[in-house]
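Being a predicted model, the structure only gives us computed values, none of them experimental.
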Amino acid sequence: MGIPNISPPDKTCEDPNCPFHGHLPVRGRMMEGTVTSTSMYKTITIQTDYFSLVRKYSRFERRRSKKQARVPDCLDVKVGDTVKVIECRPLSKTVSRVVVSVSRKSSAVQEAE
């Protein structure tokens, strides 16, 4: 199993829907976002910011969207972390992505909040 530019986590798990230790195949787009909620069971909400072209004015506008992603047991995710998610088969009505990498929020940002 290999995801380009992503190394497997040190911790192992028994989760069948883990892309590293389970049987979940991944494909499609890889996205990066900020975790906004971890209240659901094994599922997080991430927010992605992007620019969209407004053709009428030939300018870009900032937009954001929220998506749900599954968190395998071998990854520890908290609100404010930056995560990389990759597409997989639909796991539920709204979840069709899985977290593959976590980078912690910097301590300077944590102290400011």
Side-chain angles (χ1 to χ4, degrees):
M1 159 58 224
I3 301 172
N5 302 323
I6 301 293
S7 59
D10 297 332
K11 189 176 169 185
T12 60
C13 67
E14 299 292 326
D15 189 358
N17 288 327
C18 175
F20 301 106
H21 309 110
H23 304 289
L24 182 68
V26 293
R27 73 238 180 332
R29 280 186 64 192
M30 182 180 291
M31 300 169 48
E32 190 169 324
T34 305
V35 178
T36 58
S37 174
T38 59
S39 60
M40 294 180 279
Y41 180 69
K42 290 187 177 184
T43 304
I44 60 169
T45 302
I46 64 168
Q47 178 176 316
T48 57
D49 299 326
Y50 60 97
F51 290 101
S52 177
L53 177 65
V54 180
R55 290 181 184 261
K56 180 177 180 180
Y57 301 110
S58 300
R59 295 184 182 212
F60 288 94
E61 65 179 0
R62 281 189 278 182
R63 291 194 167 196
R64 65 178 63 169
S65 68
K66 287 187 175 182
K67 309 227 182 273
Q68 284 75 37
R70 180 174 175 89
V71 181
D73 294 336
C74 56
L75 295 174
D76 184 30
V77 178
K78 295 179 180 169
V79 174
D81 291 345
T82 301
V83 295
K84 286 185 180 178
V85 298
I86 193 165
E87 289 180 341
C88 62
R89 66 175 172 83
L91 299 172
S92 70
K93 181 179 176 182
T94 59
V95 178
S96 59
R97 292 166 185 81
V98 64
V99 177
V100 292
S101 174
V102 180
S103 56
R104 297 278 173 235
K105 182 169 60 171
S106 68
S107 61
V109 175
Q110 287 178 339
E111 292 174 3
E113 293 179 350

Q.
A side-chain contact here means heavy atoms from C-beta on lying under 4.5 Å apart; do Ile3 and Phe20 qualify?
A.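 Side-chain contact under 4.5 Å: yes.
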Q. Is there side-chain contact between Pro9 and His21, with at least one heavy-atom pair below 4.5 Å?
A.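 Result yes, sub-4.5 Å side-chain heavy-atom pair found.
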What distance separates [X] [atom1] from [Y] [atom2], expressed to the nearest 0.5 Å?
{"X": "His23", "Y": "Cys18", "atom1": "NE2", "atom2": "SG", "answer": "10.5 Å"}
{"X": "Asp10", "Y": "Cys74", "atom1": "CG", "atom2": "SG", "answer": "10.0 Å"}
{"X": "Arg62", "Y": "Arg64", "atom1": "CZ", "atom2": "CZ", "answer": "8.5 Å"}
{"X": "Arg104", "Y": "Asp81", "atom1": "CZ", "atom2": "CG", "answer": "4.5 Å"}
{"X": "Asp49", "Y": "Ser65", "atom1": "CG", "atom2": "OG", "answer": "8.0 Å"}

Q) Do any N or O atoms from the side chain of Glu87 and from the backbone of Arg29 form a donor-acceptor pair under 3.5 angstrom? A)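 The answer is yes, because a donor-acceptor pair under 3.5 Å joins these two groups.
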Q.
Can a donor-acceptor pair be found, under 3.5 Å and without considering hydrogens, that links the side chain of Thr38 to the backbone of Lys78?
A.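 No: the side chain of Thr38 does not pair with the backbone of Lys78.
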**Q.** Member of Lys66, Gln68, Lys67 meeting the side-chain contact (heavy atoms from CB on, under 4.5 Å) criterion with Ile46
**A.**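 Filter result, single survivor: Lys67.
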Q: Can you spot which of Asn17, Ile44, Val35 makes a side-chain contact (heavy atoms from CB on, under 4.5 Å) with Val71?
A: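 For Val71, the side-chain contact (heavy atoms from CB on, under 4.5 Å) test succeeds with only one of Asn17, Ile44, Val35, which is Ile44.
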Starting from [Y], can I reach [X] by hopping between I/L/V/M/F/W/Y residues whose side chains sit under 4.5 Å apart?
{"X": "Phe60", "Y": "Val54", "answer": "no"}
{"X": "Met31", "Y": "Ile86", "answer": "no"}
{"X": "Leu91", "Y": "Val85", "answer": "no"}
{"X": "Leu24", "Y": "Met30", "answer": "yes"}
{"X": "Val77", "Y": "Val98", "answer": "no"}

Q: Write down the atom of Val26, the atom of Cys88, and the distance for their closest heavy-atom approach.
A: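 Scanning both residues, the minimum pair turns out to be CG1-CB, 4.3 Å.
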Q) Can you name the closest pair of heavy atoms from Leu75 and Ser101 and give their distance? A)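 Here Leu75 and Ser101 meet closest at CD1-N, 4.4 Å.
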Q: Considering only NZ, NE, NH1 and NH2 on the basic side and carboxylate oxygens on the acidic side, decide whether Arg70 and Asp15 come within less than 4.0 Å.
A: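 So Arg70 pairs with Asp15 through a salt bridge.
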**Q.** Salt-bridge criterion met for Asp73 and Lys42 (N-O under 4.0 Å)
**A.**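 Looking at Lys42 together with Asp73, the answer is yes, because their closest N to O distance falls below 4.0 Å.
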Q: Mark yes when over 12 heavy atoms from residues, nucleotides or ligands other than Glu14 sit less than 6.0 Å from its CD; otherwise mark no.
A: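 Atom CD in Glu14 is not crowded, with 12 or fewer foreign heavy atoms closer than 6.0 Å.
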Q: Compute whether any side-chain donor of one residue and acceptor of the other, for Thr36 and Thr45, lie under 3.5 angstrom apart.
A: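 Not at all, the side chains of Thr36 and Thr45 share no donor-acceptor pair under 3.5 Å.
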